[in-house]
Amino acid sequence: MEEKLKLYLRTMISNQGSDLHLKSGSHVRVRIQGVLKVLGKDTLSAEMVDRLVREITTKDQYEKLINDRTLDFSYVLDDENRFRVNFFFQMDGLSAVFRIIPVKISTLDELKLPEVIKSFTEIQRGLVLITGVTGSGKSTTLAAMLEKINIEQKKHIITIEDPIEFVHKDRGCLINQRSIGQDTHSFSDALRAALREDPDIIVVGEMRDLETIDIALHAANTGHLVFSTLHTLDAKETIDRIVGMFGNEEQNRIRMSLASVLEGVISQRLIPTKRGGRVAGIEVLKKIARIEHLIAEKRDAEIPDALFEGKEIYGTQTFDQSLLDILRRGEITEKVALEYATNPADMKLKIQGIGKGAIINENIDNKIVEVFDFKDEES
């Protein structure tokens, strides 16, 4: 069964796919440019998928899958292709998703991310969050930021991941990458231990629970630079999610701590382009006095306006501002811009040349430029 898996994976790679889906009782599917497509005519039985997981996991991993009903791990196809894998139970048996992890770590310039993002790699302490839905390229962006630090600085970096995705070689920095399950029991255990391991930078693959968030905030408060990811759409939702995870009696403390240590939020979504690829739309929050005050004073609803108004001076931007920039460059159509806009009515006015930041006298539909095609998911 593993040989069939390798065939599926190589077929997906040759078609520039990102995810392979296996489901008991169903056809094999691959995600190509964001769309799921059937691969071949095979229908996988529950026994076939169970046999596959037994072949590619250890005895301990299989037992964990049976007990927890889900399992995350990495699968290596060859020297150039690694995959993040999740097996899980559903009503018809086992299912699995294999997500390709690019071996080459792209630079921030290659990803065509806003220049302001480079400034987050120069911060000495605080909290920087990369957010977005699954498959929005969070891991790709975070890896590019770490690689810039790795090349330009001399730091001790500890990463805590589930599982390890991009593998970083020691360059200017010493990098210890720890995988949940293999190298440590949990994010919170590893994060607590990291505080005793002389780190300059701590990377938490994902903030999943109260304890992990609390320890991460403490680490940022005590002079460390902490990077992490969240499955939220924008900066406002990110702040609301973190504060809202705590009980009422704790929320004021968490809010004040967050206002103090939050240095940046990078929120991204992948947008289909005219050329068939995808480009990242990016919202950027950067710590300035106004943002800090808005968070501390529970005025989260005013954050988008602050990001909008800070674009020229601070490099902050809302998602819709980013979308307009992409539209101006001719990479997407007006229809796509309206479809993906946070506020479609406001976006329509700006396309018509009305309001702040509007597009004026530009033939946007006739411009086509080559864009970087994100391969990543997230974590």
Side-chain angles (χ1 to χ4, degrees), residues 1-103 133-135 138-139 160-167 177-187 189-190 205-206 208-209 229 231 375-379:
M1 191 62 201
E2 186 175 2
E3 289 306 311
K4 272 198 169 184
L5 170 65
K6 291 179 179 179
L7 177 61
Y8 298 148
L9 293 174
R10 291 194 174 100
T11 303
M12 180 183 76
I13 293 166
S14 67
N15 285 276
Q16 298 182 320
S18 60
D19 299 84
L20 174 73
H21 288 255
L22 308 178
K23 178 188 174 184
S24 298
S26 186
H27 293 297
V28 178
R29 287 172 169 81
V30 294
R31 187 175 298 277
I32 300 173
Q33 303 298 352
V35 179
L36 274 182
K37 299 182 178 182
V38 174
L39 177 61
K41 298 180 179 180
D42 289 347
T43 298
L44 302 177
S45 66
E47 292 75 19
M48 292 170 70
V49 182
D50 182 74
R51 186 164 73 250
L52 172 63
V53 70
R54 288 176 182 269
E55 290 178 7
I56 67 174
T57 61
T58 65
K59 181 180 178 181
D60 288 344
Q61 286 175 323
Y62 185 77
E63 289 179 357
K64 187 177 189 301
L65 171 62
I66 298 302
N67 292 330
D68 297 347
R69 317 307 284 175
T70 185
L71 175 69
D72 291 306
F73 64 101
S74 296
Y75 181 77
V76 179
L77 179 62
D78 50 42
D79 290 342
E80 297 182 352
N81 296 287
R82 297 173 63 248
F83 299 84
R84 189 187 67 207
V85 187
N86 177 264
F87 273 95
F88 58 96
F89 280 92
Q90 40 83 20
M91 63 183 295
D92 296 316
L94 278 166
S95 283
V97 181
F98 289 72
R99 165 154 291 168
I100 192 165
I101 304 170
V103 173
V133 299
T134 298
K138 298 187 296 296
S139 294
I160 307 163
E161 304 172 71
D162 184 20
I164 291 171
E165 297 192 25
F166 292 90
V167 176
Q177 296 185 256
R178 307 189 69 193
S179 177
I180 302 298
Q182 177 178 317
D183 305 311
T184 182
H185 293 299
S186 66
F187 280 110
D189 284 352
E206 184 182 345
R208 293 182 177 177
D209 54 56
T229 72
H231 291 279
K375 298 294 184 185
D376 184 39
E377 84 103 45
E378 195 215 45
S379 136

Undergrad: Can you name the closest pair of heavy atoms from S95 and S24 and give their distance?
TA: OG-N, 4.2 Å

Undergrad: What is the minimum heavy-atom distance between D92 and A46, and which atoms define it?
TA: O-CB, 3.9 Å

Undergrad: Any idea which heavy atoms bring I32 and G17 closest together, and the distance?
TA: CG1-CA, 3.9 Å

Undergrad: Parallel under 30°, tilted from 30 to 60°, perpendicular over 60°: which one fits the rings of F83 and Y75?
TA: tilted

Undergrad: With a 4.5 Å heavy-atom cut-off, do D162 and E206 have their side chains touching?
TA: no

Undergrad: Taking D50 as the fixed residue, which of E47, R54, M48 is the one that meets the side-chain contact (heavy atoms from CB on, under 4.5 Å) rule?
TA: R54

Undergrad: Considering only heavy atoms from C-beta outward, does the side chain of L39 approach that of N15 to under 4.5 Å?
TA: no

Undergrad: Identify the residue among L71, D68, V97, L65 that makes a side-chain contact (heavy atoms from CB on, under 4.5 Å) with F88.
TA: V97

Undergrad: Give the minimum heavy-atom separation between K138 and V133, together with the two atoms involved.
TA: NZ-O, 3.1 Å

Undergrad: Between the side chain of Q177 and the main-chain N/O of F166, is any donor-acceptor distance below 3.5 Å?
TA: yes

Undergrad: Can you tell me how far the CD1 atom of I100 sits from the CD atom of Q16, to the nearest 0.5 Å?
TA: 10.0 Å

Undergrad: What distance do Y62 atom OH and N67 atom CG have between them, rounded to the nearest 0.5 Å?
TA: 11.0 Å

Undergrad: Roughly how far, to the nearest 0.5 Å, is the CD1 atom of I101 from the OG atom of S18?
TA: 12.5 Å

Undergrad: With rounding to the nearest 0.5 Å, note down the distance linking CG in D72 to CZ in R84.
TA: 7.5 Å

Undergrad: Please say which of L44, L52, V53 ends up in a side-chain contact (heavy atoms from CB on, under 4.5 Å) with L94.
TA: V53

Undergrad: In Å, rounded to the nearest 0.5 Å, how long is the span from CG of L5 to CD of E55?
TA: 9.0 Å

Undergrad: To check you understand the geometry: which heavy-atom pair defines the closest contact between H27 and D42, and what is its length?
TA: ND1-O, 3.1 Å

Undergrad: Distance check, rounded to the nearest 0.5 Å: L22 atom CG versus K4 atom NZ?
TA: 11.0 Å

Undergrad: On a heavy-atom basis, which atom in S74 and which in I164 lie closest, and how many Å separate them?
TA: OG-O, 3.2 Å

Undergrad: Mark yes or no for whether R29, through its side chain, and L36, through its backbone, hold a donor-acceptor pair below 3.5 Å.
TA: no

Undergrad: Heavy-atom distance under 4.5 Å between the side chains of F98 and L77, does that happen here?
TA: no

